[in-house]
Amino acid sequence: MDARSDAVERFLAATAPDHTSTQDEMADLADDWGFPIIGPEAGAVLRLLARLTDAGRVFEFGSGFGYSATWFLRGGADAVICTEFDEEEAKRGVQFAADGGYADRVTFEVGDAMETIARYDGPFDVALIDHQKHRYADAYRTVLPKVRTGGVIVADNVTRGPIEFANLVAHFEEGAPLPDAEIDAETRGIGEYVGTVRSDDAVETAVLPVGSGIAVSTKVI
Ligand SMILES: C[S@@+](CC[C@H](N)C(=O)[O-])C[C@H]1O[C@@H](n2cnc3c(N)ncnc32)[C@H](O)[C@@H]1O
């Protein structure tokens, strides 16, 4: 990382909102477990999006113990549907919600997020995609009809995570092929996701280099 990028990252970290006490405990648990939470820089954007969309209902693909959900709640969302296939993580999420006094605003659905979304009707104001990277585009296509016009779909890890970012840069700059799914399904999944939202007239997309990089798509039709 060059000196300016490093300074910008430090500036974003230093100016991100403070954690609540519950979020502090979640961040400690994430450190203990080596678990990838979205972090306060991207969390601030989730909070902003909830506020700007006057969010009622939010759907998350891949919630862990509910850290990202707390940012939507801080932005005034009425209800967040959390999905998680790891029972222990979901159990911790339910406990955090009870201890933090927001249990009436979050629901933890244990199981495959793709099966859970099939059981839910829209409309949602916001959806967060943060589960298996090779399934991002599928999640987008499934949730889009359930997001209201003017609503937002956010995808995490578009610039950092279990991906080879240099391969994505080469793909979008020079048209280099994405890696085969058998070789690197995560990088391919993120590349396909960004390509999908960029070419879909139903949404307008901005990639924001906060946290691990988020793609924010507003539904316009
Ligand atoms: C990056 S973490 C989510 C972090 C969370 N959004 C946050 O910022 O606090 C991804 C989570 O998605 C879960 N996951 C991955 N694929 C899933 C799927 N198909 N259905 C449900 N959960 C899934 C993983 O077990 C993991 O806990």
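In listed order, ligands and their atoms are each counted from 1. For this chain, numbers begin at 1 and follow the sequence in order.
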Novice: Should Gly39 be listed as contacting ligand 1, given a heavy-atom distance under 4.0 Å as the test?
Specialist: no
Novice: Please confirm whether Met26 comes under 4.0 Å of ligand 1, counting heavy atoms of the residue only.
Specialist: no
Novice: Under 3.5 Å between some N or O of ligand 1 and some N or O of Asp86?
Specialist: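 No, there is no polar N/O contact under 3.5 Å.
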Novice: Classify the contact between Glu60 and ligand 1 as side chain, backbone, both or neither, using a heavy-atom distance cut-off of under 4.0 Å.
Specialist: neither
Novice: Under 3.5 Å, is there a donor on one side chain and an acceptor on the other for Asp2 and Ser5?
Specialist: yes
Novice: Is there a side-chain contact between Lys146 and Ile117, using heavy atoms and a 4.5 Å cut-off?
Specialist: yes
Novice: List ligand 1 atoms under 4.0 Å from Gly111, heavy atoms only on the residue side.
Specialist: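 With Gly111 as reference, the close atoms of ligand 1 come out as 20 (N), 21 (C).
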Novice: Would you mind checking which non-hydrogen protein atom is closest to atom 19 (N) of ligand 1, with the distance to 0.1 Å?
Specialist: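 Looking only at protein heavy atoms, the one closest to atom 19 (N) of ligand 1 is Gln132 OE1, 2.8 Å.
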Novice: Does Asp112 reach ligand 1 with a nitrogen or oxygen that is under 3.5 Å from one of the ligand's nitrogen or oxygen atoms?
Specialist: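 In this structure, Asp112 places an N or O atom under 3.5 Å from an N or O of ligand 1.
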Novice: Give a yes or no on this: more than 12 heavy atoms of other residues, nucleotides or ligands lie within 6.0 Å of atom CZ of Arg4.
Specialist: no
Novice: For the residue pair His19 / Tyr67, report whether a side-chain donor-acceptor contact shorter than 3.5 Å exists.
Specialist: yes
Novice: If you measure from each heavy atom of Phe65 to ligand 1, is any distance below 4.0 Å?
Specialist: no
Novice: Of the protein's non-hydrogen atoms, which lies at the shortest distance from atom 20 (N) of ligand 1, and what is that distance?
Specialist: Ala113 N, 2.8 Å
Novice: For the 3.5 Å polar cut-off, considering only N or O atoms, please tell me whether Phe85 and ligand 1 meet it.
Specialist: yes
Novice: For atom 9 (O) of ligand 1, which of Ser68, Gly66, Gly64 has the closest heavy atom?
Specialist: Ser68
Novice: Please check this pair: side chain of Lys219 against backbone of Ser217, looking for a donor-acceptor N/O pair closer than 3.5 Å.
Specialist: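 No, Lys219 side chain to Ser217 backbone: no donor-acceptor pair under 3.5 Å.
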Novice: List ligand 1 atoms under 4.0 Å from Ser63, heavy atoms only on the residue side.
Specialist: 5 (C), 9 (O)
Novice: So, does Glu84 use its side chain to make a donor-acceptor pair with the main chain of Gly64 at under 3.5 Å?
Specialist: yes
Novice: Tell me which one of Glu84, His131, Glu88 gets a heavy atom nearest to atom 11 (C) of ligand 1.
Specialist: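 Selected option, by shortest heavy-atom distance: Glu84.
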Novice: Going through the checks in order, is the side-chain hydrogen bond (donor to acceptor under 3.5 Å, both in side chains) test met by Glu60 and Thr83?
Specialist: CA-CA 6 Å; Glu60 290 193 347; Thr83 63; over 6 Å; no
Novice: Going by the atom numbers of ligand 1, which of them fall below 4.0 Å from some non-hydrogen atom of Pro36?
Specialist: 1 (C), 2 (S), 4 (C)
Novice: Which atoms of ligand 1 sit under 4.0 Å from any heavy atom of Arg135?
Specialist: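 Contacts of ligand 1 toward Arg135, numbered from 1: 19 (N).
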Novice: Is the distance between the ring centroids of Phe59 and Phe61 under 6.0 Å?
Specialist: yes
Novice: List every atom of ligand 1 that sits less than 4.0 Å from any heavy atom of Ile38, numbering the atoms from 1 in the order shown and giving each element.
Specialist: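 Going through ligand 1 atom by atom, the ones under 4.0 Å from Ile38 are 7 (C), 8 (O).
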Novice: Quick test of your reading of the structure: of Gly62, Ala90, Gly211, whose heavy atom lies closest to atom 12 (O) of ligand 1?
Specialist: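 Closest candidate by heavy-atom distance is Gly62.
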Novice: Give a yes or no on whether Phe85 and Val110 share a hydrophobic cluster (residues Ile, Leu, Val, Met, Phe, Trp, Tyr; joining criterion: side-chain heavy atoms under 4.5 Å apart).
Specialist: no
Novice: Has Met114 got any heavy atom lying under 4.0 angstrom from an atom of ligand 1?
Specialist: no
Novice: State yes or no: are the ring centers of Phe108 and Phe65 separated by less than 6.0 Å?
Specialist: no
Novice: With a 4.0 Å heavy-atom cut-off (strictly under), which part of Phe35 contacts ligand 1: side chain, backbone, both or neither?
Specialist: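 Within the 4.0 Å criterion, Phe35 contacts ligand 1 through side-chain atoms alone.
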Novice: Can you tell me the protein heavy atom closest to atom 27 (O) of ligand 1 and the distance?
Specialist: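 It is Glu89 OE1, 2.4 Å.
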Novice: Which residue and atom name correspond to the protein heavy atom nearest atom 10 (C) of ligand 1, and how close is it?
Specialist: Asp130 O, 3.1 Å
Novice: Between Gln132 and Arg135, do the side chains contain an N or O donor and an N or O acceptor separated by less than 3.5 Å?
Specialist: yes
Novice: Where the side chain of His171 meets the backbone of Ala176, is there a donor-acceptor pair that is under 3.5 Å apart?
Specialist: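 Such a contact is found between His171 side chain and Ala176 backbone.
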Novice: Test of understanding: given a 4.0 Å heavy-atom threshold, classify the contact between Ala69 and ligand 1 as side chain, backbone, both, or neither.
Specialist: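 Contact part for Ala69 vs ligand 1: neither.
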Novice: Is the shortest distance from a Lys or Arg side-chain nitrogen in Arg198 or Asp201 to a carboxylate oxygen in the other one below 4.0 Å?
Specialist: no
